[in-house]
Amino acid sequence: MEISTYLPFLILLLLGLSFVGNSLEQINGGLFPDGFLFGTASSSYQFEGAILEDGKSLSNWDIFSHKPGNIKSGENGDIADDQYHLYMDDIELMHSLGVNSYRFSISWARILPEVVLDPSEFCQTEGINLQFSDGNSTTGIQPFVTLNHYDIPQVLEDRYGSWQSSQMQEEFVYFAEICFRELGDRVKLWATFNEPNVVAKYGYLMGTYPPGRCSAPFGNCSDGNSEIEPFVAAHNIILSHAKAVYNYRKHYQSKQGGHIGIAVHAVMYEPLKEEEADQKAAERALAFFVAWFLDPFFHGDYPSEMRRILGHRLPIFSSEESKKLKHGLDFIGVNHYTVLYAKDCMYSPCDSGGHLIEGFVQSTGERDGVPIGERTSIPTFFIVPNGMEKMIKYLVTRYNNTTMFVTENGFAQLDQPGDSGSELLNDFKRVEYHKSYLASLQRAIREGADVRGYFVWSLLDNFEWRYGFTRRFGLYYVDYRTLMRTPKFSATWYKEFLANYSITNEEAIKWNSSK
Ligand SMILES: *[C@@H]1O[C@H](CO)[C@@H](O)[C@H](O)[C@H]1NC(C)=O
Ligand SMILES: *[C@@H]1O[C@H](CO)[C@@H](O)[C@H](O)[C@H]1NC(C)=O
Ligand SMILES: *[C@@H]1O[C@H](CO)[C@@H](O)[C@H](O)[C@H]1NC(C)=O
Ligand SMILES: *[C@@H]1O[C@H](CO)[C@@H](O)[C@H](O)[C@H]1NC(C)=O
Ligand SMILES: *[C@@H]1O[C@H](CO)[C@@H](O)[C@H](O)[C@H]1NC(C)=O
C-alpha cells in the first residue's frame with residue numbers, strides 16, 4: 001500500500017511556515033497577552049483540491065459534493081484553492097501578513113487512502129524520514145493542526161457507515177497516531193475534530209452534510225433516523241477524541257511538548273423574551289449544542305440538561321470510558337460567528353420545531369421581525385459582536401477557566417453573478433466585523449478569560465460547503481479560473497493591525513505547566 005507523498009507535503013508546508021519572513025515586527029506589548037497567536041484558518045477539503053493526486057482516495061465530501069442537488073451552486077472541491085500545489089505562495093502571503101500562526105487540517109484520505117490497520121505498511125514510505133533541521137525554533141508561523149475537519153475517507157463510510165460505528169474509534173486513533181508520530185516534532189497544537197457538533201447535527205439530524213442521513217420532520221433524506229443517529233455519531237466522535245488524546249498523552253505529549261484540544265461550533269444563545277422559560281431555553285440550547293461535546297471531557301458524561309430530557313436515547317459511557325474522558329483536553333477551540341435567540345417549547349409547546357431531541361428549544365434569528373444583529377450572506381450568521389464576550393464567559397464559567405483559542409471567526413461576502421471583483425476587494429464590512437469582534441474578545445480577556453489565540457476564517461476565499469464558491473470568507477480574493485490570490489482591503493487592515501500590536505512571539509505560547 002502506498003501512503004502517497006502527502007506526509008512529505010505536510011512536512012514541507014511546516015518547514016515553509018517556520019521560515020522567518022522579514023516583514024515581522026517586534027513585540028511592544030499591546031492589548032493581547034504576550035505570546036498570543038494571531039493567524040488565519042483553513043481546512044483540507046476547502047483549500048487543497050488535487051482530488052485524486054498522489055494516491056489520495058475519495059473522501060465523503062468528494063462523493064457528497066458530486067451528487068446533484070447537494071451543493072446549491074453545483075460546485076465541488078476538486079480544485080478549490082489548489083493549495084496542494086500553491087502552498088508556497090500561500091505561506092508567502094502569510095509571512096507578508098505578519099501572522100504568527102496558521103490553522104489547517106489534514107486530509108485523512110491522503111494519509112490512509114485505503115484505511116488498513118497495519119502499521120508495518122506505512123513505515124517504509126519514502127520521504128517520511130525527512131527530519132526537521134531547525135529544532136524547536138518557535139519563530140515563524142506556528143502550525144495549529146486540526147486532525148479532522150469534516151472530510152473522512154469514503155471507504156470508512158462504505159465499510160462502517162462512518163460515525164454510526166464504534167469501529168471508527170480505532171480507525172481515528174490509528175490515523176491520529178500517524179500524525180502525532182510523523183509531525184509531532186513540529187506541531188505543538190492539535191485539535192482532534194473541527195465542529196463535531198456540526199458533523200452530528202448536519203450529517204445525521206438535518207441530513208444536509210454527508211452522509212446526508214435524517215428522518216422527517218427534521219429533514220428530507222432517503223434514509224436515517226434523526227432521533228437516534230446524531231447521538232450515536234456524537235458518541236463515537238467523543239470516544240475517538242478521548243482515545244486519541246489518551247494515546248497522545250501516553251506516548252507523545254511529554255516527549256513532544258504539545259497540547260491537544262477540540263474545536264466546537266460555538267453559537268451563543270440568548271433568551272427570546274426576558275422571561276424565565278426562555279432563559280432556561282437558552283441554557284438548554286447551549287448545553288444541547290456546545291456543552292454536548294465539551295462536558296464529557298470535564299465530567300465524564302453528557303450535560304445533565306441533556307440526560308434529563310433525552311434519557312435512554314443518549315448513549316452511556318462505561319466507567320472506564322468515563323475515566324478516559326476526564327482531563328480529555330488541554331484547551332477548547334472556539335469557532336464563534338453568531339448569536340441566536342432561544343424560545344422555550346417545554347412549558348408552552350411550539351407550533352413547529354423545538355422537539356425533544358432539540359431540548360425543547362426553537363432557535364431563531366429574529367424577535368418580532370427584528371433581526372438579532374445585522375444579517376450576513378449566511379442566513380443563521382448575524383453580526384452580534386458582544387456574542388464573542390458572552391460565549392467566552394459562558395465557557396470560562398462552565399469549564400473553570402480552561403485555556404481557549406478562538407479557532408474561527410469571520411465574515412462571508414455573497415458572490416453574486418455580475419458582482420465586479422473590485423466590489424469584493426473593498427470589504428469594509430469584514431474589517432468592521434473583525435474590529436468589533438476583537439474588541440469584544442479583548443473585553444473577555446481583560447476580565448480574566450485565558451484565551452491564547454485568534455484565527456480569522458479565512459486566509460483565502462474557499463469552498464464553503466453547501467454554498468460552494470458563492471460565499472467568500474477570505475482576506476484574499478481568489479479568482480477560481482486563474483487561482484490568482486489578490487489581497488482585499490481586510491488583508492491590508494489585518495497586516496497593519498498585526499504590525500501595530502506586534503504579535504510576534506519569541507517563545508510561542510507560555511503554557512502554565514499545571515494545566
Ligand atoms: C526540543 O524540545 C525537546 C522537548 O521539549 C527538547 O528535549 C530538545 O532539547 C529541544 N531541541 C532543541 C534543538 O531545542
Ligand atoms: C425530498 O427529496 C426528494 C428527492 O430528492 C424530492 O423529490 C422532494 O421534493 C423533497 N421533498 C421536500 C418536501 O423537500
Ligand atoms: C478550577 O481550576 C483551579 C485552578 O486551575 C483548580 O485549583 C480548581 O480545583 C478547579 N476547580 C474545579 C471545580 O475543577
Ligand atoms: C484564568 O486563567 C488565567 C491564566 O491561568 C489567569 O490569568 C486568570 O486570572 C484566570 N481567570 C479567572 C477568572 O480565574
Ligand atoms: C495603527 O496605529 C496607528 C497609529 O496609532 C493608527 O492610526 C491606525 O489606525 C492603526 N491601524 C490599525 C489597523 O489598527
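All residue numbers refer to positions in the sequence shown, counting from 1. Everything numeric in this text was worked out from a predicted model, so none of it was measured.
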State, with a plain yes or no, whether a side-chain heavy atom of [X] is found less than 4.5 Å away from one of [Y].
X      : Y      : result
Ile106 : Leu183 : yes
Phe36  : Phe38  : yes
Ile51  : Leu58  : yes
Trp465 : Trp61  : yes
Leu93  : Leu97  : no
Phe469 : Asp461 : no
Leu395 : Thr402 : no
Tyr87  : Phe9   : yes

So Phe64 and Tyr45, ring pair (Phe, Tyr, Trp, His ring centres under 6.0 Å) or not? Walk me through it.
CA-CA 12 Å; Phe64 185 81; Tyr45 186 70; 9.9 Å; no
Between [X] and [Y] (side chain of the first, backbone of the second, donor and acceptor by atom type, cut-off under 3.5 Å), is there such a pair?
X      : Y      : value
Tyr433 : Gly410 : yes
Gln413 : Leu424 : yes
Asn194 : Ala263 : no
Asn197 : Val290 : no
Ser458 : Ala41  : yes
Ser440 : Ser436 : no
Asp78  : Asn76  : no
Arg485 : Leu483 : yes
Thr338 : Thr380 : yes
Gln253 : Gly258 : yes

Interatomic spacing from [atom1] in [X] to [atom2] in [Y] - rounded to 0.5 Å:
X      : Y      : atom1 : atom2 : answer
Leu325 : Leu239 : CG    : CG    : 5.5 Å
Leu460 : Met94  : CG    : CE    : 8.0 Å
Leu147 : Thr192 : CG    : OG1   : 6.5 Å
Thr208 : Lys72  : OG1   : NZ    : 9.0 Å
Gln442 : Glu389 : CD    : CD    : 10.0 Å
Ile152 : Trp163 : CD1   : CH2   : 6.5 Å

Could you walk me through whether Phe297 and His241 pass the ring pair (Phe, Tyr, Trp, His ring centres under 6.0 Å) test, one step at a time?
CA-CA 9 Å; Phe297 306 124; His241 167 98; 4.2 Å; yes
Asn247: which residues meet the side chain to side chain donor-acceptor pair (under 3.5 Å) condition with it, sequence neighbours left out?
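Asn247 satisfies side chain to side chain donor-acceptor pair (under 3.5 Å) with Glu177 once adjacent residues are dropped.
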Under 6.0 Å from the six-membered ring centre of Tyr84 and within 45° of its axis: does the NZ or CZ of Arg110 meet both?
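Yes.
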May I ask you to check if Lys201 and Phe289 form a cation-pi contact, with NZ or CZ under 6.0 angstrom from the six-membered ring centre and within 45° of the axis?
yes
Please determine whether side-chain contact (heavy atoms from CB on, under 4.5 Å) holds for the pair Thr486 and Asp479, giving the CA-CA distance in whole Å, both sets of side-chain angles, and the decisive distance to 0.1 Å.
CA-CA 8 Å; Thr486 308; Asp479 179 333; over 6 Å; no
Between Arg103 and His149, is the side-chain contact (heavy atoms from CB on, under 4.5 Å) condition met? List the steps.
CA-CA 11 Å; Arg103 175 173 178 244; His149 193 126; 4.1 Å; yes
State, to 0.1 Å, how close [X] and [Y] come at their nearest heavy-atom pair, and which atoms those are.
X      : Y      : result
Ser65  : Phe463 : CB-CZ, 4.4 Å
Tyr437 : Met388 : O-CG, 3.9 Å
Phe104 : Pro143 : CE2-CB, 4.1 Å
Leu37  : Ser101 : CD1-OG, 3.8 Å
Thr40  : Phe455 : O-CD2, 3.6 Å
Asn148 : Trp108 : ND2-CE3, 3.9 Å

Between Asp54 and Tyr6, is a side chain to side chain donor-acceptor pair (under 3.5 Å) present by the stated rule, with each step listed?
CA-CA 7 Å; Asp54 297 331; Tyr6 189 51; over 6 Å; no
With no hydrogens and no angle check, do the side chains of [X] and [Y] hold a donor and an acceptor under 3.5 Å apart?
X      : Y      : answer
Tyr160 : Glu171 : yes
Ser44  : Ser105 : yes
Tyr209 : Asn60  : no

Below 4.0 angstrom, N of the basic side chain to O of the carboxylate: do Asp62 and Lys56 qualify?
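Salt bridge: yes.
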Exceeds 12 heavy-atom contacts within 6.0 angstrom, atom CD1 of Ile79
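Open: at most 12 neighbouring heavy atoms sit under 6.0 Å from CD1 of Ile79.
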Tyr480, OH: over 12 other non-hydrogen atoms inside 6.0 angstrom
yes
Please collect all salt bridge (charged side-chain N to carboxylate O under 4.0 Å, His left out) contacts where either partner lies in residues 245-254, sequence neighbours excluded, each pair once.
Arg249-Asp330
Angle between ring planes, His434 versus Tyr454, binned at 30° and 60°: parallel, tilted or perpendicular?
perpendicular
Would you please classify the geometry between the Phe172 ring and the Phe193 ring as parallel, tilted or perpendicular, with 30° and 60° separating the classes?
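If you compare the ring of Phe193 with that of Phe172, the planes turn out parallel.
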Side chain to side chain donor-acceptor pair (under 3.5 Å), that's the test. Do Gln169 and Ser166 meet it? Break it down for me.
CA-CA 6 Å; Gln169 298 170 27; Ser166 60; 5.0 Å; no
Walk me through it: do Met88 and Ile91 pass the test side-chain contact (heavy atoms from CB on, under 4.5 Å)?
CA-CA 5 Å; Met88 277 303 173; Ile91 288 169; 4.1 Å; yes
Passes ring pair (Phe, Tyr, Trp, His ring centres under 6.0 Å), Phe428 versus Phe489? Steps please.
CA-CA 7 Å; Phe428 306 121; Phe489 175 68; 4.9 Å; yes
Working for side-chain contact (heavy atoms from CB on, under 4.5 Å), residues Val339 and Phe382:
CA-CA 7 Å; Val339 181; Phe382 298 85; over 6 Å; no
